[in-house]
Number of protein chains: 2
Amino acid sequence: MGEVMSLRERTRGAVRDEVMRQAWALFASQGFEATTIDQIAEAAGMSRRSFFRYFESKDELVLEQLAESGRAVAAALAARPAEESPWVALRAAFDESVTRMEANAEKSHPLQVMLHHEPALRSTVVEWRRRLVGLLSPLVAERLEPRRGRGADVRAAAVTASALACLDAAQGAWALDDDLRLSTLLDQAMGAVAPLD
Amino acid sequence: MGEVMSLRERTRGAVRDEVMRQAWALFASQGFEATTIDQIAEAAGMSRRSFFRYFESKDELVLEQLAESGRAVAAALAARPAEESPWVALRAAFDESVTRMEANAEKSHPLQVMLHHEPALRSTVVEWRRRLVGLLSPLVAERLEPRRGRGADVRAAAVTASALACLDAAQGAWALDDDLRLSTLLDQAMGAVAPLD
DNA sequence: GCCTTTTGTGGCACTGAGTGCCACTTTTGG
DNA sequence: CCAAAAGTGGCACTCAGTGCCACAAAAGGC
(Lines give C-alpha, C1' and ligand atoms only; values in the text may rest on other atoms or scores of the structure.)
Protein backbone atom coordinates (compact mmCIF):
# COMPACT_ATOMS: atom_id res chain seq x y z
CA MET A 1 0.00 0.00 0.00
CA GLY A 2 2.92 2.39 0.55
CA GLU A 3 3.07 3.41 -3.09
CA VAL A 4 5.37 6.28 -3.99
CA MET A 5 3.42 8.88 -5.88
CA SER A 6 4.99 11.20 -8.36
CA LEU A 7 4.31 14.91 -8.08
CA ARG A 8 1.92 14.63 -11.01
CA GLU A 9 -0.08 11.91 -9.32
CA ARG A 10 -0.23 13.84 -6.07
CA THR A 11 -1.39 17.05 -7.69
CA ARG A 12 -3.95 15.12 -9.64
CA GLY A 13 -5.25 13.63 -6.42
CA ALA A 14 -5.38 17.05 -4.80
CA VAL A 15 -7.29 18.51 -7.71
CA ARG A 16 -9.74 15.60 -7.63
CA ASP A 17 -10.30 16.18 -3.91
CA GLU A 18 -10.92 19.86 -4.47
CA VAL A 19 -13.38 19.21 -7.28
CA MET A 20 -15.19 16.73 -5.04
CA ARG A 21 -15.43 19.27 -2.23
CA GLN A 22 -16.83 21.95 -4.50
CA ALA A 23 -19.23 19.54 -6.15
CA TRP A 24 -20.62 18.28 -2.85
CA ALA A 25 -21.09 21.80 -1.61
CA LEU A 26 -23.22 22.46 -4.68
CA PHE A 27 -25.07 19.15 -4.38
CA ALA A 28 -25.91 19.94 -0.77
CA SER A 29 -27.33 23.34 -1.57
CA GLN A 30 -29.01 22.63 -4.91
CA GLY A 31 -29.35 18.88 -5.22
CA PHE A 32 -27.57 16.59 -7.63
CA GLU A 33 -29.58 16.93 -10.79
CA ALA A 34 -29.94 20.69 -10.53
CA THR A 35 -26.17 21.10 -10.36
CA THR A 36 -24.57 21.33 -13.79
CA ILE A 37 -21.06 20.32 -14.63
CA ASP A 38 -20.38 23.89 -15.74
CA GLN A 39 -21.15 25.05 -12.21
CA ILE A 40 -18.86 22.45 -10.69
CA ALA A 41 -16.07 23.26 -13.14
CA GLU A 42 -16.42 26.97 -12.48
CA ALA A 43 -16.43 26.48 -8.71
CA ALA A 44 -13.29 24.37 -9.02
CA GLY A 45 -11.69 26.97 -11.30
CA MET A 46 -11.36 24.85 -14.38
CA SER A 47 -13.01 24.47 -17.75
CA ARG A 48 -15.82 22.06 -18.38
CA ARG A 49 -13.50 20.11 -20.63
CA SER A 50 -10.92 19.69 -17.90
CA PHE A 51 -13.51 18.47 -15.45
CA PHE A 52 -14.00 15.46 -17.69
CA ARG A 53 -10.28 14.75 -17.50
CA TYR A 54 -10.64 14.20 -13.76
CA PHE A 55 -14.04 12.50 -13.62
CA GLU A 56 -15.63 10.66 -16.44
CA SER A 57 -19.13 11.62 -15.40
CA LYS A 58 -21.14 13.46 -12.79
CA ASP A 59 -22.04 10.09 -11.29
CA GLU A 60 -18.42 9.36 -10.55
CA LEU A 61 -18.43 12.15 -7.99
CA VAL A 62 -21.04 10.21 -6.05
CA LEU A 63 -19.58 6.78 -6.72
CA GLU A 64 -16.21 7.80 -5.36
CA GLN A 65 -17.84 9.10 -2.22
CA LEU A 66 -19.61 5.78 -1.69
CA ALA A 67 -16.63 3.66 -2.63
CA GLU A 68 -14.87 4.23 0.67
CA SER A 69 -17.66 2.79 2.77
CA GLY A 70 -17.73 -0.14 0.34
CA ARG A 71 -14.12 -0.96 1.07
CA ALA A 72 -14.82 -0.69 4.79
CA VAL A 73 -17.67 -3.19 4.54
CA ALA A 74 -15.52 -5.60 2.54
CA ALA A 75 -12.74 -5.38 5.14
CA ALA A 76 -15.22 -5.90 7.98
CA LEU A 77 -16.71 -8.93 6.25
CA ALA A 78 -13.30 -10.47 5.71
CA ALA A 79 -12.58 -10.00 9.42
CA ARG A 80 -15.63 -11.93 10.62
CA PRO A 81 -15.08 -15.45 12.02
CA ALA A 82 -15.27 -18.10 9.33
CA GLU A 83 -17.89 -20.19 11.15
CA GLU A 84 -20.39 -17.34 11.06
CA SER A 85 -23.20 -17.79 8.56
CA PRO A 86 -23.12 -15.48 5.54
CA TRP A 87 -26.24 -13.62 6.61
CA VAL A 88 -25.04 -12.96 10.13
CA ALA A 89 -21.58 -12.02 8.89
CA LEU A 90 -23.05 -9.54 6.42
CA ARG A 91 -25.21 -7.96 9.10
CA ALA A 92 -22.14 -7.60 11.27
CA ALA A 93 -20.07 -6.24 8.38
CA PHE A 94 -22.64 -3.51 7.79
CA ASP A 95 -22.60 -2.58 11.44
CA GLU A 96 -19.52 -0.40 11.40
CA SER A 97 -20.82 1.70 8.50
CA VAL A 98 -24.27 1.89 10.01
CA THR A 99 -22.94 2.97 13.37
CA ARG A 100 -20.81 5.62 11.73
CA MET A 101 -23.82 6.90 9.81
CA GLU A 102 -25.93 7.11 12.97
CA ALA A 103 -23.11 8.87 14.77
CA ASN A 104 -22.74 11.70 12.31
CA ALA A 105 -26.31 11.76 11.16
CA GLU A 106 -26.18 15.49 10.39
CA LYS A 107 -24.10 14.62 7.35
CA SER A 108 -25.23 11.09 6.58
CA HIS A 109 -28.94 11.60 6.78
CA PRO A 110 -29.20 14.36 4.17
CA LEU A 111 -26.98 12.24 1.93
CA GLN A 112 -29.33 9.28 2.25
CA VAL A 113 -32.32 11.50 1.61
CA MET A 114 -30.62 12.75 -1.52
CA LEU A 115 -29.64 9.27 -2.68
CA HIS A 116 -33.16 7.95 -2.21
CA HIS A 117 -35.15 10.91 -3.45
CA GLU A 118 -33.27 12.12 -6.51
CA PRO A 119 -34.30 9.93 -9.42
CA ALA A 120 -31.12 10.84 -11.28
CA LEU A 121 -29.09 9.18 -8.53
CA ARG A 122 -30.89 5.87 -8.50
CA SER A 123 -28.79 4.42 -11.25
CA THR A 124 -25.69 5.61 -9.42
CA VAL A 125 -26.73 3.88 -6.23
CA VAL A 126 -27.33 0.72 -8.21
CA GLU A 127 -23.97 0.90 -9.90
CA TRP A 128 -22.42 1.19 -6.47
CA ARG A 129 -24.36 -1.84 -5.34
CA ARG A 130 -23.16 -3.77 -8.37
CA ARG A 131 -19.57 -3.00 -7.48
CA LEU A 132 -20.20 -3.95 -3.90
CA VAL A 133 -21.66 -7.29 -4.96
CA GLY A 134 -18.49 -7.87 -6.95
CA LEU A 135 -16.40 -7.03 -3.90
CA LEU A 136 -18.38 -8.96 -1.31
CA SER A 137 -19.73 -12.02 -3.05
CA PRO A 138 -16.36 -13.82 -3.28
CA LEU A 139 -16.11 -13.44 0.48
CA VAL A 140 -19.65 -14.71 0.89
CA ALA A 141 -18.91 -17.67 -1.39
CA GLU A 142 -16.31 -18.91 1.07
CA ARG A 143 -18.98 -19.20 3.73
CA LEU A 144 -21.35 -21.31 1.65
CA GLU A 145 -21.19 -25.08 1.40
CA PRO A 146 -18.97 -25.90 -1.56
CA ARG A 147 -21.00 -26.78 -4.59
CA ARG A 148 -21.00 -28.81 -7.72
CA GLY A 149 -21.10 -26.50 -10.77
CA ARG A 150 -18.33 -24.45 -12.21
CA GLY A 151 -18.38 -20.72 -12.87
CA ALA A 152 -19.36 -17.96 -10.48
CA ASP A 153 -21.72 -18.94 -7.71
CA VAL A 154 -25.30 -17.70 -8.13
CA ARG A 155 -25.90 -18.32 -4.46
CA ALA A 156 -23.17 -15.95 -3.32
CA ALA A 157 -24.38 -13.23 -5.65
CA ALA A 158 -27.96 -13.77 -4.49
CA VAL A 159 -27.15 -13.67 -0.78
CA THR A 160 -24.97 -10.59 -1.18
CA ALA A 161 -27.47 -8.75 -3.34
CA SER A 162 -30.27 -9.63 -0.92
CA ALA A 163 -28.35 -8.25 2.02
CA LEU A 164 -27.67 -5.07 0.10
CA ALA A 165 -31.34 -4.87 -0.81
CA CYS A 166 -32.12 -5.00 2.91
CA LEU A 167 -29.56 -2.30 3.63
CA ASP A 168 -31.14 -0.21 0.91
CA ALA A 169 -34.64 -0.74 2.30
CA ALA A 170 -33.44 0.24 5.76
CA GLN A 171 -31.68 3.34 4.45
CA GLY A 172 -34.77 4.24 2.44
CA ALA A 173 -36.94 4.03 5.55
CA TRP A 174 -34.39 6.05 7.47
CA ALA A 175 -34.43 8.68 4.76
CA LEU A 176 -38.16 9.06 5.29
CA ASP A 177 -38.01 9.21 9.08
CA ASP A 178 -34.80 9.94 10.92
CA ASP A 179 -36.42 9.35 14.29
CA LEU A 180 -36.02 5.65 13.64
CA ARG A 181 -32.67 4.05 14.30
CA LEU A 182 -30.93 2.81 11.20
CA SER A 183 -29.47 -0.20 13.00
CA THR A 184 -32.92 -1.22 14.22
CA LEU A 185 -34.35 -0.85 10.74
CA LEU A 186 -31.58 -2.99 9.32
CA ASP A 187 -32.20 -5.66 11.98
CA GLN A 188 -35.89 -5.67 11.11
CA ALA A 189 -35.18 -5.78 7.39
CA MET A 190 -32.60 -8.55 7.46
CA GLY A 191 -34.37 -10.42 10.21
CA ALA A 192 -37.55 -10.58 8.16
CA VAL A 193 -35.71 -12.28 5.30
CA ALA A 194 -33.65 -14.78 7.26
CA PRO A 195 -32.96 -15.35 10.98
CA LEU A 196 -30.09 -13.33 12.42
CA ASP A 197 -29.00 -15.82 15.06
CA MET B 1 -61.76 -4.15 -17.06
CA GLY B 2 -64.22 -3.79 -19.95
CA GLU B 3 -63.51 -0.11 -20.41
CA VAL B 4 -64.97 1.54 -23.47
CA MET B 5 -62.25 3.28 -25.39
CA SER B 6 -62.85 6.18 -27.67
CA LEU B 7 -61.51 6.11 -31.20
CA ARG B 8 -58.75 8.47 -30.14
CA GLU B 9 -57.66 6.22 -27.30
CA ARG B 10 -57.68 3.18 -29.53
CA THR B 11 -55.60 4.80 -32.27
CA ARG B 12 -53.21 6.05 -29.66
CA GLY B 13 -52.82 2.55 -28.34
CA ALA B 14 -52.28 1.19 -31.83
CA VAL B 15 -49.62 3.78 -32.56
CA ARG B 16 -47.87 2.99 -29.27
CA ASP B 17 -47.86 -0.70 -30.16
CA GLU B 18 -46.42 0.00 -33.57
CA VAL B 19 -43.69 2.22 -32.16
CA MET B 20 -42.86 -0.51 -29.66
CA ARG B 21 -42.60 -3.10 -32.39
CA GLN B 22 -40.29 -0.96 -34.49
CA ALA B 23 -38.20 0.01 -31.51
CA TRP B 24 -37.71 -3.58 -30.39
CA ALA B 25 -36.74 -4.64 -33.87
CA LEU B 26 -34.01 -1.99 -33.78
CA PHE B 27 -32.96 -2.90 -30.24
CA ALA B 28 -32.65 -6.53 -31.26
CA SER B 29 -30.44 -5.77 -34.23
CA GLN B 30 -28.35 -2.90 -32.84
CA GLY B 31 -28.74 -2.97 -29.08
CA PHE B 32 -30.49 -0.42 -26.91
CA GLU B 33 -27.92 2.30 -26.50
CA ALA B 34 -26.86 2.25 -30.13
CA THR B 35 -30.42 2.88 -31.25
CA THR B 36 -31.29 6.56 -31.39
CA ILE B 37 -34.74 8.01 -30.97
CA ASP B 38 -34.47 9.49 -34.45
CA GLN B 39 -34.12 5.98 -35.84
CA ILE B 40 -37.14 4.74 -33.92
CA ALA B 41 -39.22 7.73 -34.94
CA GLU B 42 -38.24 7.32 -38.55
CA ALA B 43 -39.01 3.58 -38.52
CA ALA B 44 -42.40 4.34 -37.02
CA GLY B 45 -43.00 7.10 -39.58
CA MET B 46 -43.19 10.00 -37.22
CA SER B 47 -41.08 12.93 -36.15
CA ARG B 48 -38.78 12.82 -33.18
CA ARG B 49 -41.04 15.33 -31.46
CA SER B 50 -44.07 13.14 -31.86
CA PHE B 51 -42.25 10.13 -30.46
CA PHE B 52 -42.00 11.99 -27.18
CA ARG B 53 -45.76 12.47 -27.21
CA TYR B 54 -46.20 8.68 -27.04
CA PHE B 55 -43.30 7.76 -24.77
CA GLU B 56 -41.65 10.07 -22.34
CA SER B 57 -38.27 8.45 -22.75
CA LYS B 58 -36.41 5.66 -24.47
CA ASP B 59 -36.49 3.77 -21.19
CA GLU B 60 -40.26 3.69 -21.22
CA LEU B 61 -40.13 1.40 -24.24
CA VAL B 62 -38.39 -1.15 -22.08
CA LEU B 63 -40.36 -0.47 -18.92
CA GLU B 64 -43.64 -1.05 -20.69
CA GLN B 65 -42.37 -4.36 -22.02
CA LEU B 66 -41.44 -5.45 -18.50
CA ALA B 67 -44.60 -4.09 -16.88
CA GLU B 68 -46.76 -6.93 -18.11
CA SER B 69 -44.75 -9.63 -16.40
CA GLY B 70 -44.82 -7.48 -13.27
CA ARG B 71 -48.60 -7.53 -13.20
CA ALA B 72 -48.55 -11.28 -13.74
CA VAL B 73 -46.27 -11.78 -10.76
CA ALA B 74 -48.46 -9.59 -8.58
CA ALA B 75 -51.55 -11.54 -9.58
CA ALA B 76 -49.80 -14.84 -8.94
CA LEU B 77 -48.67 -13.67 -5.53
CA ALA B 78 -52.17 -12.59 -4.57
CA ALA B 79 -53.44 -16.03 -5.58
CA ARG B 80 -51.12 -17.98 -3.28
CA PRO B 81 -52.61 -19.47 -0.09
CA ALA B 82 -52.48 -17.07 2.83
CA GLU B 83 -50.70 -19.55 5.13
CA GLU B 84 -47.71 -19.74 2.82
CA SER B 85 -44.64 -17.90 4.07
CA PRO B 86 -43.70 -14.74 2.13
CA TRP B 87 -40.52 -16.28 0.76
CA VAL B 88 -42.18 -19.44 -0.50
CA ALA B 89 -45.10 -17.47 -1.91
CA LEU B 90 -42.72 -15.17 -3.78
CA ARG B 91 -40.81 -18.09 -5.23
CA ALA B 92 -44.11 -19.57 -6.40
CA ALA B 93 -45.29 -16.23 -7.78
CA PHE B 94 -42.16 -15.98 -9.89
CA ASP B 95 -42.68 -19.45 -11.23
CA GLU B 96 -45.18 -18.65 -13.92
CA SER B 97 -42.99 -15.93 -15.41
CA VAL B 98 -39.89 -18.07 -15.12
CA THR B 99 -41.56 -21.02 -16.80
CA ARG B 100 -42.78 -18.79 -19.60
CA MET B 101 -39.27 -17.42 -20.07
CA GLU B 102 -37.78 -20.89 -20.24
CA ALA B 103 -40.47 -21.96 -22.68
CA ASN B 104 -39.82 -19.28 -25.24
CA ALA B 105 -36.15 -18.85 -24.53
CA GLU B 106 -35.36 -17.81 -28.10
CA LYS B 107 -36.99 -14.48 -27.29
CA SER B 108 -36.48 -14.22 -23.55
CA HIS B 109 -32.84 -15.12 -23.39
CA PRO B 110 -31.55 -12.43 -25.74
CA LEU B 111 -33.70 -9.95 -23.83
CA GLN B 112 -32.10 -10.97 -20.55
CA VAL B 113 -28.66 -10.77 -22.11
CA MET B 114 -29.46 -7.27 -23.29
CA LEU B 115 -30.91 -6.21 -19.93
CA HIS B 116 -27.87 -7.46 -18.06
CA HIS B 117 -25.11 -6.43 -20.44
CA GLU B 118 -26.13 -2.97 -21.63
CA PRO B 119 -25.05 -0.51 -18.96
CA ALA B 120 -27.59 2.02 -20.22
CA LEU B 121 -30.38 -0.39 -19.30
CA ARG B 122 -29.32 -1.01 -15.73
CA SER B 123 -31.15 2.00 -14.41
CA THR B 124 -34.22 0.90 -16.34
CA VAL B 125 -34.15 -2.55 -14.81
CA VAL B 126 -33.87 -0.96 -11.41
CA GLU B 127 -36.75 1.37 -12.02
CA TRP B 128 -38.81 -1.66 -12.97
CA ARG B 129 -37.75 -3.35 -9.75
CA ARG B 130 -38.76 -0.29 -7.77
CA ARG B 131 -42.22 -0.41 -9.28
CA LEU B 132 -42.45 -4.10 -8.63
CA VAL B 133 -41.53 -3.59 -4.98
CA GLY B 134 -44.34 -1.06 -4.77
CA LEU B 135 -46.73 -3.56 -6.31
CA LEU B 136 -45.68 -6.63 -4.35
CA SER B 137 -44.68 -5.42 -0.92
CA PRO B 138 -48.24 -4.65 0.25
CA LEU B 139 -49.09 -8.25 -0.59
CA VAL B 140 -46.02 -9.44 1.25
CA ALA B 141 -46.91 -7.30 4.26
CA GLU B 142 -50.13 -9.27 4.72
CA ARG B 143 -48.10 -12.42 5.19
CA LEU B 144 -45.87 -11.03 7.93
CA GLU B 145 -46.77 -11.03 11.60
CA PRO B 146 -48.51 -7.74 12.31
CA ARG B 147 -46.17 -5.27 13.85
CA ARG B 148 -46.01 -2.36 16.19
CA GLY B 149 -44.96 0.80 14.32
CA ARG B 150 -47.00 2.86 11.90
CA GLY B 151 -46.04 3.78 8.36
CA ALA B 152 -44.91 1.46 5.59
CA ASP B 153 -43.32 -1.77 6.71
CA VAL B 154 -39.55 -2.00 6.21
CA ARG B 155 -39.78 -5.74 6.50
CA ALA B 156 -42.12 -6.15 3.57
CA ALA B 157 -39.97 -3.90 1.39
CA ALA B 158 -36.85 -5.79 2.45
CA VAL B 159 -38.29 -9.25 1.80
CA THR B 160 -39.69 -8.19 -1.58
CA ALA B 161 -36.52 -6.45 -2.67
CA SER B 162 -34.44 -9.43 -1.56
CA ALA B 163 -36.55 -11.83 -3.60
CA LEU B 164 -36.22 -9.57 -6.62
CA ALA B 165 -32.47 -9.41 -6.03
CA CYS B 166 -32.43 -13.22 -6.17
CA LEU B 167 -34.48 -13.21 -9.35
CA ASP B 168 -32.05 -10.71 -10.82
CA ALA B 169 -29.04 -12.81 -9.81
CA ALA B 170 -30.63 -15.88 -11.38
CA GLN B 171 -31.43 -14.02 -14.57
CA GLY B 172 -27.93 -12.62 -14.66
CA ALA B 173 -26.44 -16.10 -14.40
CA TRP B 174 -28.86 -17.32 -17.06
CA ALA B 175 -27.79 -14.47 -19.33
CA LEU B 176 -24.21 -15.72 -19.05
CA ASP B 177 -25.04 -19.37 -19.65
CA ASP B 178 -28.31 -20.47 -21.14
CA ASP B 179 -27.48 -24.14 -20.66
CA LEU B 180 -28.49 -23.70 -17.06
CA ARG B 181 -32.16 -23.78 -16.18
CA LEU B 182 -33.53 -20.48 -14.94
CA SER B 183 -35.86 -22.19 -12.47
CA THR B 184 -32.97 -24.14 -10.98
CA LEU B 185 -30.88 -21.00 -10.70
CA LEU B 186 -33.73 -19.22 -8.95
CA ASP B 187 -34.14 -22.12 -6.53
CA GLN B 188 -30.44 -22.02 -5.76
CA ALA B 189 -30.46 -18.24 -5.36
CA MET B 190 -33.52 -18.00 -3.13
CA GLY B 191 -32.69 -21.21 -1.28
CA ALA B 192 -29.29 -19.84 -0.31
CA VAL B 193 -30.88 -16.81 1.32
CA ALA B 194 -33.73 -18.49 3.17
CA PRO B 195 -35.19 -22.01 3.18
CA LEU B 196 -37.80 -22.70 0.53
CA ASP B 197 -39.85 -25.24 2.45
C1' DG C 1 -72.93 21.58 -43.74
C1' DC C 2 -70.52 25.26 -40.98
C1' DC C 3 -67.89 26.88 -37.33
C1' DT C 4 -65.46 26.58 -32.98
C1' DT C 5 -62.68 23.98 -29.96
C1' DT C 6 -59.78 20.38 -29.04
C1' DT C 7 -56.12 17.36 -30.29
C1' DG C 8 -52.28 15.83 -32.98
C1' DT C 9 -48.23 17.08 -35.53
C1' DG C 10 -43.70 18.83 -37.20
C1' DG C 11 -40.20 22.25 -36.76
C1' DC C 12 -37.04 25.02 -34.30
C1' DA C 13 -34.30 26.40 -30.75
C1' DC C 14 -32.72 25.40 -26.43
C1' DT C 15 -30.28 22.85 -22.17
C1' DG C 16 -27.20 19.48 -20.42
C1' DA C 17 -24.14 15.35 -20.56
C1' DG C 18 -20.52 13.53 -22.82
C1' DT C 19 -16.73 13.07 -26.76
C1' DG C 20 -13.18 14.04 -30.35
C1' DC C 21 -10.01 17.10 -32.00
C1' DC C 22 -6.69 20.71 -32.10
C1' DA C 23 -3.70 24.29 -30.71
C1' DC C 24 -1.28 26.14 -26.87
C1' DT C 25 1.32 26.07 -22.53
C1' DT C 26 3.62 23.84 -18.77
C1' DT C 27 6.29 20.30 -16.79
C1' DT C 28 9.67 16.76 -17.02
C1' DG C 29 13.88 14.68 -17.82
C1' DG C 30 17.95 13.80 -20.71
C1' DC D 1 18.74 24.09 -23.07
C1' DC D 2 15.77 21.48 -25.73
C1' DA D 3 12.58 17.83 -27.07
C1' DA D 4 8.96 14.82 -25.54
C1' DA D 5 5.05 14.24 -22.58
C1' DA D 6 1.27 15.81 -20.10
C1' DG D 7 -2.22 19.27 -18.95
C1' DT D 8 -5.44 22.77 -20.53
C1' DG D 9 -9.17 25.41 -22.86
C1' DG D 10 -11.98 26.01 -26.80
C1' DC D 11 -14.85 24.47 -30.45
C1' DA D 12 -17.89 21.63 -32.71
C1' DC D 13 -20.30 17.64 -32.54
C1' DT D 14 -23.96 13.74 -30.92
C1' DC D 15 -27.80 12.42 -28.35
C1' DA D 16 -31.68 12.73 -24.88
C1' DG D 17 -35.16 15.55 -23.55
C1' DT D 18 -38.19 20.12 -23.26
C1' DG D 19 -40.76 24.42 -24.40
C1' DC D 20 -42.92 26.94 -27.78
C1' DC D 21 -45.32 27.94 -31.92
C1' DA D 22 -47.83 27.53 -36.12
C1' DC D 23 -50.53 24.50 -38.72
C1' DA D 24 -53.63 20.54 -40.03
C1' DA D 25 -57.21 17.40 -38.74
C1' DA D 26 -60.86 15.69 -36.23
C1' DA D 27 -65.01 16.32 -32.85
C1' DG D 28 -69.08 18.09 -31.54
C1' DG D 29 -72.74 21.69 -31.08
C1' DC D 30 -75.97 24.10 -33.88
Side-chain angles (χ1 to χ4, degrees), chain A residues 4-20 22-24 26-27 29-65 114 118-127, chain B residues 4-20 22-24 26-27 29-65 114 118-127:
Chain A
V4 184
M5 278 179 144
S6 71
L7 174 60
R8 275 221 154 94
E9 282 167 323
R10 273 180 289 131
T11 31
R12 181 174 170 85
V15 172
R16 272 182 73 100
D17 288 355
E18 174 63 8
V19 174
M20 286 273 282
Q22 298 293 340
W24 280 96
L26 288 163
F27 293 163
S29 70
Q30 304 180 335
F32 177 79
E33 190 158 25
T35 302
T36 70
I37 291 184
D38 295 75
Q39 291 176 332
I40 300 169
E42 196 191 339
M46 61 174 59
S47 71
R48 168 196 170 63
R49 195 68 191 81
S50 284
F51 169 87
F52 282 108
R53 291 198 178 93
Y54 286 95
F55 296 93
E56 58 179 32
S57 70
K58 216 164 100 174
D59 289 21
E60 203 185 322
L61 293 163
V62 180
L63 242 23
E64 179 136 328
Q65 192 80 351
M114 185 171 133
E118 292 233 28
L121 279 174
R122 279 181 207 145
S123 61
T124 314
V125 172
V126 169
E127 177 57 25
Chain B
V4 184
M5 278 178 144
S6 71
L7 174 63
R8 277 225 154 92
E9 282 168 323
R10 271 180 290 131
T11 28
R12 182 175 169 83
V15 173
R16 272 182 73 101
D17 288 355
E18 174 62 9
V19 174
M20 286 274 283
Q22 297 294 340
W24 279 96
L26 289 164
F27 293 163
S29 69
Q30 305 180 335
F32 177 80
E33 190 158 26
T35 302
T36 69
I37 291 184
D38 295 75
Q39 291 175 331
I40 300 170
E42 195 190 340
M46 60 173 59
S47 72
R48 167 196 173 64
R49 197 66 191 81
S50 284
F51 169 88
F52 281 109
R53 289 195 180 96
Y54 286 95
F55 297 92
E56 58 179 32
S57 71
K58 215 164 98 174
D59 288 20
E60 202 185 323
L61 293 163
V62 181
L63 242 23
E64 178 137 327
Q65 193 80 350
M114 185 171 131
E118 290 233 27
L121 278 174
R122 280 181 206 144
S123 62
T124 314
V125 172
V126 169
E127 178 56 24

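Order of the sequence lines sets the chain letters (A, B, ...), proteins ahead of strands, with each chain counted from 1.
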Rounding to an integer number of Å, can you tell me how far [X] [atom1] sits from [N] [atom2]?
X: B:Glu33; N: C:dA17; atom1: CD; atom2: P; result: 17 Å
X: A:Arg12; N: D:dA5; atom1: CZ; atom2: P; result: 19 Å
X: B:Leu26; N: D:dC15; atom1: CG; atom2: P; result: 14 Å
X: A:Ile40; N: C:dG18; atom1: CD1; atom2: C1'; result: 13 Å
X: A:Phe32; N: C:dA17; atom1: CZ; atom2: P; result: 9 Å
X: A:Glu60; N: C:dA17; atom1: CD; atom2: C1'; result: 14 Å
X: B:Glu9; N: D:dA27; atom1: CD; atom2: P; result: 13 Å
X: A:Glu56; N: C:dG20; atom1: CD; atom2: P; result: 12 Å

What's A:Thr11 touching, base or sugar-phosphate or nothing? Going by heavy atoms closer than 4.0 Å. nothing
I need the minimum non-hydrogen distance between A:Glu118 and A:Phe32, along with the two atoms involved. OE2-N, 2.6 Å
Just so I know, are the side chains of [X] and [Y] near enough to count as touching, which here means a heavy-atom distance under 4.5 Å?
X: B:Arg53; Y: B:Met46; value: no
X: A:Leu63; Y: A:Glu127; value: yes
X: B:Ile40; Y: B:Phe27; value: yes
X: A:Val126; Y: B:Val125; value: no

On DNA chain D, check which nucleotide each of A:Gly45 and B:Asp59 is closest to and give me the residue with the more 5' one. A:Gly45
Whether B:Arg48 side chain and B:Ile37 backbone form a donor-acceptor pair below 3.5 Å: no
Which residues share a salt bridge (charged side-chain N to carboxylate O under 4.0 Å, His left out) with A:Glu33, sequence neighbours left out: none
Where along residues 46-55 of chain B does a heavy atom come under 4.0 Å from DNA chain D, residue by residue in number order? B:Arg48, B:Arg49, B:Phe52
From C-beta outward on B:Thr36, which listed nucleotide comes closest to its side chain: C:dG16, D:dA16, C:dG18? D:dA16
